[in-house]
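Remember, it's a predicted structure, so these values are computed and weren't measured experimentally.
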Amino acid sequence: MKANEVRKMSGAELETKLQELKKDLFNLRLQHATNQLDNPIRIAEVKKDIARVKTIIREQQLAGR
């Protein structure tokens, strides 16, 4: 996911995307703990996506003030 794609989303879309990413991260960690994870790099990718979404949400909050 690119930052430009995230910036085009509305606030509600960003919140739902953040919740989806958090669920994905939970599932990936669960798979990793049970040795069923095929691609461990995916955990880092999801973490970075979460950080991107949170950053854009914060930017929008500051711009709205």
Pair up each side-chain donor or acceptor in residues 11-23 with any protein partner under 3.5 Å, not counting sequence neighbours, and list the distances.
from  : atom 1 : to    : atom 2 : distance (Å)
Glu13 : OE1    : Ser10 : N      : 2.9
Thr16 : OG1    : Ala12 : O      : 3.4
Thr16 : OG1    : Glu13 : O      : 2.8

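- Residue Ile56 holds its CD1 atom at 13.5 Å from NZ of Lys54, rounded to the nearest 0.5 Å.
- Listed by chain and residue number, Arg7 satisfy the salt bridge (charged side-chain N to carboxylate O under 4.0 Å, His left out) test with Glu59 (two or more places apart in sequence, or in another chain).
- Each salt bridge (Lys or Arg N to Asp or Glu O under 4.0 Å) pair with one or both residues in residues 25-52, not counting sequence neighbours, appears once here: Arg42-Glu45, Asp49-Arg52.
- Leu37 meets the side chain to side chain contact (heavy atoms under 4.5 Å, CB included) test with Leu28, Gln31, His32, Pro40, Ile43; sequence neighbours excluded.
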